[in-house]
Structure formats: C-alpha cells, structure tokens
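Labels below follow one simple rule: chain letters A, B, ... track the order of the sequence lines, proteins then strands, and each chain is numbered from 1.
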Amino acid sequence: MQEDFHYYATYCASILAGHSHEESLDISYSAQFVDLCSKTLLHKLKAPVKASTTQLKLEMMDSGTDILSLQEITRIWASFHFLPRDLYAQKAKRPKRYMNKYRLICGPNGDLLVKTVENAKGKSLQHAGIAMHVLADTWAHRYFAGTPSYVINNTDSEFYEIISEDGRETERKIRFRHSASAPDDIEKGLYSNSISQGSENSIMNLGHGRAGHFPDYSFAKYRYMPAWGEYRVITKDNPQDYMKAFTQMVYALKCLNGSITSFEADKYDDQVTEKYGDRLNSIIRKRQIIANDDWKAFGEELSGKTIDAFDINRYQDEYVLAGKNDKDDTFLGKFIRASISHKGMITDEIYRSGNILAGVPKEKILSVGLPGLISDLYGKKNLHGPAKTGIDTPDRQEKD
Amino acid sequence: MNSETDIELRKYKKNIEVSGFALIIIGMWTTIKYLIMFSLGSDSAKSISSLYHSYDNVIYRIIVIISTALTFIIIFSIYCYIGRSAIKYAAGKKQSTFFLFIALFLLIATIVGIPSYFLIDSEIQGIETVIASILVDISTCIMLYDIISSVFRIRKLLGNPGHSKPESDEKGGER
C-alpha cells in the first residue's frame with residue numbers, strides 16, 4: 001500500500017475508532033513511517049539498525065543472495081509488509097526448501113495477525129501504527145511472500161486488468177515495461193514491474209515486484225497466474241480488499257484502545273460500512289495513482305482538524321538531540337522499540353515453525369548453541385501442530 | 001476459470017510455449033556450433049575440401065561456402081519454425097498442427113543421430129564435448145516430445161482437431 005492508505009486512511013480509521021486527532025496523527029505517522037525506516041536512515045540518526053522496517057532499493061541491490069542476506073531481507077519484509085498467513089500450511093509432494101517459502105505467503109486473518117495486534121495492546125501509539133501498517137498490507141500484498149523466490153512470487157505474461165465501466169466489466173491485457181523511473185499510466189495501461197529473473201533468490205523476485213504496483217492501487221482489479229498456484233488463476237479484487245482492510249483497521253484500533261476486549265481474525269467494523277460505505281467506495285474505486293487528497297479530505301471531515309502532510313524529518317531532531325537515556329521516550333524512540341518488538345515476535349514465530357528463512361533469534365543461539373538449533377529444526381517438525389487455516393488458494397477464493 | 005480442464009490446458013500450453021522458446025535457442029546454438037566446427041574445427045570445410053585438388057578453384061570454393069551457408073540456414077529454420085509455431089499454437093494464434101510433423105521428423109533424426117556419438121573417436125574430439133553434445137541432443141528430444149505430446153493432450157481435452165481458447169483466456173472480452 002501507499003501513503004494514501006498507510007497515512008491518511010489509517011488516520012481516518014483511527015478517528016472512527018475513537019482516537020483523538022493527535023493520537024490519530026501519531027498512529028498514522030507511525031504506520032507510514034514503516035515504509036521509510038531504512039538502515040540508511042537509522043544510521044543517520046545513530047539509532048539501532050536492527051529496528052529497520054524497510055529496505056531502500058540501493059540497500060537491496062547491495063545485499064547478496066547468501067543465506068544471511070536472505071534472512072535479513074526476509075526478516076524485514078515478512079515482518080512488516082508480507083505477514084505470513086499460515087506458517088504451517090501444507091502442500092503435497094514438496095521439499096522442505098519449497099515449503100519454507102510457501103509458508104511465508106502473505107494473507108489476511110492469519111494467526112500472526114492476531115499476535116501482531118495483541119502484541120501492540122497496552123503499548124505505544126507507535127506500536128499501534130506499526131500493527132496497522134502490517135494489517136493493511138496483509139490485504140494488499142496477499143498471495144506474495146516477503147522473501148525472494150522465483151517459484152513463489154513470479155507471474156507470467158497472462159496478466160489482465162479488469163476494468164469496470166457503466167456496470168460492465170472488460171478485460172485488458174497488461175504489458176509491463178521495466179522502467180523504474182517512468183510512472184504508471186493507468187489510462188493507457190502502461191505499468192512497470194521488476195525484470196524477470198530466473199534465479200530463485202534474485203531480489204527481483206521479492207514480494208509483488210513481478211506484479212508491479214497493482215497490489216498498491218486501491219481501484220485495481222486484476223487476474224493473473226502466480227507461480228505457486230499450480231496453473232490456477234487468481235482474481236485480486238483490490239476495492240473489496242481495501243474496504244475490508246479499512247474496516248478491520250477500525251475494529252483493530254478499537255481493540256487496542258480498549259473499546260473492544262480482544263482482537264479476533266475475520267472480524268470487521270460493519271458500522272463503518274453502513275455509515276460511510278458509499279464515501280469509502282468512491283475513494284477506493286476512483287482510478288488514480290494515489291488517493292492522498294481524497295483520504296485527507298475525508299479525514300479532515302471526520303475530525304474537523306487539518307491533517308499535516310507527512311514529513312519524514314518531523315521527529316528526527318527530537319531523537320538526535322535527546323540524551324542517551326531519553327531517546328526511548330521520544331517519538332522515534334518509541335517507534336524503534338515497537339519495531340524491534342514486532343520484528344522479534346514475528347522472527348521467533350517463523351523460527352518456531354521450523355523455518356530458518358527469517359533467521360534464528362539471538363536468544364536461541366545463546367541459550368541452546370548449535371547442537372540445540374539442529375535438534376530444534378530437524379528433530380521437532382511442527383511445534384504447534386498442523387495447519388489451521390491454509391493458504392487462501394484460488395479454489396478457496398472461488399468458494400468464498 | 002479454475003476447473004481441472006482449464007488448469008490442464010494452461011499447463012500444457014505453458015509446456016509448449018517454454019519448449020518452443022527453448023527449441024529456438026537450441027537451434028541458434030546448433031547453428032553456431034556447426035559454424036564454428038566447419039570454420040575452425042578438425043573437420044572444417046577447408047580441411048575436407050583441401051583433400052580434393054579442385055579446392056583451388058574459386059568457383060568450387062564459392063559453391064562450398066554457399067551450400068554450407070544454406071545448410072545452416074535450413075537447420076536453423078527448422079528449429080525456428082517448430083519453435084515459433086509451438087509458441088503461436090500455445091498462444092492460440094495458430095490452429096494448424098503441421099509443425100508437429102516437422103517436429104516428429106526432427107525428433108526421429110535426433111534420436112537416430114545419438115548413437116553416432118559413440119562411434120566418434122573421443123581422443124580427437126574430447127570426451128567432454130561428446131558428453132555435452134549428447135546431453136543437448138537428449139534435451140532436444142525431450143522438448144520435441146513434450147511439444148508433440150502436449151498438443152495431443154490439448155486436443156484430447158478439447159475434443160476437436162483445432163483448438164479454441166477456453167472462456168477464461170478470452171482477451172478484451174466482456175465478462
């Protein structure tokens with residue numbers, strides 16, 4: 001998702017959940033900051049680099065395809081942008097190496113999402129913002145994995161956009177171009193994606209690069225064949241998914257502020273749909289590259305206050321100038337603590353499922369040593385039992 | 001859109017498309033390989049031709065060069081024709097399956113040619129060259145067989161001689 005949803009839509013959801021204008025700004029700022037908190041920025045602030053929540057293109061180009069680099073990439077992207085739906089998914093006749101990646105496929109309403117929201121409960125607004133970013137991305141980025149993988153994230157040339165006009169739907173075949181600098185032209189149907197790379201661990205095969213920016217456009221409805229789908233076609237309905245993301249964010253924020261006791265998967269704030277459904281649909285379904293203005297207008301109507309434009313530099317001085325013992329109390333200090341907490345929780349869960357793609361928690365290495373690690377990974381296969389939900393396959397999608 | 005038939009059709013079309021691309025590349029490689037062999041190898045056109053006293057004749061040389069070039073073009077064209085036809089068939093842009101006869105011919109010719117590798121004196125050509133050539137030829141056979149068998153499976157699934165696009169693959173159509 002883009003700034004329009006992570007910043008402005010999260011602000012709107014926060015207001016609807018009962019937060020004040022100032023609290024909503026903090027939450028939405030944190031949600032958007034997840035897309036900007038790179039190692040480079042943390043170096044500049046002299047902050048712990050393990051708190052990074054994203055990677056710049058140059059950082060990714062610099063990283064290799066060795067196991068440690070892949071773990072670093074997976075830790076960040078799987079934790080913050082492609083939250084796995086089912087770490088215990090099953091697929092017949094597949095080796096462990098494939099299953100490790102298959103189980104990282106992102107999707108909404110997984111166990112990890114519940115843990116993400118519960119982990120943010122009783123913590124800072126920054127932590128809530130991070131949770132909202134993760135929640136929103138589970139809808140937009142579903143069916144892709146936050147690890148470089150050709151056999152999971154690749155798509156082929158059979159990629160069609162479904163355009164609704166006057167109540168009718170037509171299909172237009174998409175021909176991608178590989179031009180990172182040229183903006184997408186939605187009228188002419190010119191979109192960019194990452195170059196096809198047959199190498200399994202190439203960075204070009206990370207996340208939804210092969211589908212371009214389609215997952216991040218709220219208006220887009222498209223169908224394509226994912227590499228993991230065994231020749232099944234998926235229809236991705238972003239307007240529907242974005243609506244669910246928004247209403248689920250409102251529900252989750254109500255859980256976090258105590259209005260609702262506990263967060264459960266697959267629950268949404270239906271009152272929002274009843275009251276604002278038409279308005280939300282008009283923003284979400286409007287064919288535009290970015291919907292900042294529309295979401296901002298909606299947010300300002302809800303709160304009656306002005307929403308400041310997002311500024312990456314807003315809290316940097318506060319953090320840099322704070323004393324060593326006071327940094328944790330600054331805005332970015334709280335964000336950094338929340339980020340480390342969330343990343344650690346997700347990495348631990350991935351490791352406990354028998355998957356080393358996100359690395360091994362440091363505490364584990366120190367406590368059990370190498371023999372213990374090997375025993376953990378190869379001795380106990382499923383520490384938490386069989387798969388509960390399964391990946392949302394195209395067949396299941398059709399049944400829904 | 002995801003019925004068993006649709007899934008199998010996509011799978012076989014993909015097989016045909018990928019094998020078609022691979023065949024074009026193998027055709028390029030085969031042509032380059034023979035070009036290098038005939039230009040520089042121990043069995044080069046010059047060394048063979050020099051056995052004949054008429055080699056000094058310019059016309060004779062021109063004929064040898066032209067006929068060699070034509071041979072390469074024909075070899076490459078055969079691979080290209082099969083490959084491009086397979087890709088077009090997979091995309092639904094070609095109905096005719098005449099290219100399968102050429103593919104079958106090439107498959108038989110390749111299989112028949114494999115035993116000849118074992119008759120070559122490997123001390124002259126090098127055992128690694130022989131092994132590499134055998135592997136490439138086996139791969140070619142597998143691709144050709146894949147194209148032929150996939151086309152027949154598609155026809156069986158659709159139950160008619162030509163093949164039409166399934167509803168799910170219609171482009172630009174109203175839904």
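If you take NZ on B:Lys14 and CE on A:Met225, they are separated by 5.5 Å, rounding to the nearest 0.5 Å. Distance check: A:Asp156 CG to B:Glu17 CD gives 7.5 Å after rounding to the nearest 0.5 Å.
A:Val233 and B:Arg10 get closest at one heavy-atom pair: CG2-CZ, 3.3 Å. B:Asn15 and A:Tyr231 make their closest contact through OD1-OH, 4.3 Å (heavy atoms, listed as atom of the first residue, atom of the second, distance).
Residue-environment remark: NZ (A:Lys91) exceeds the threshold of 12 foreign heavy atoms within 6.0 Å. Around atom CZ of B:Phe21, no more than 12 heavy atoms belonging to other residues, nucleotides or ligands sit under 6.0 Å away. Sparse packing is recorded around OH of B:Tyr34, with 12 or fewer heavy atoms of other residues, nucleotides or ligands lying under 6.0 Å away. No more than 12 heavy atoms of other residues, nucleotides or ligands shown are found within 6.0 angstrom of CZ on A:Arg97. Counting heavy-atom neighbours within 6.0 Å of B:Ile59 CD1, excluding the residue itself, gives a total of 12 or less.
A salt bridge does not link B:Asp6 to A:Arg232: none of the charged side-chain nitrogens sits closer than 4.0 Å to a carboxylate oxygen.
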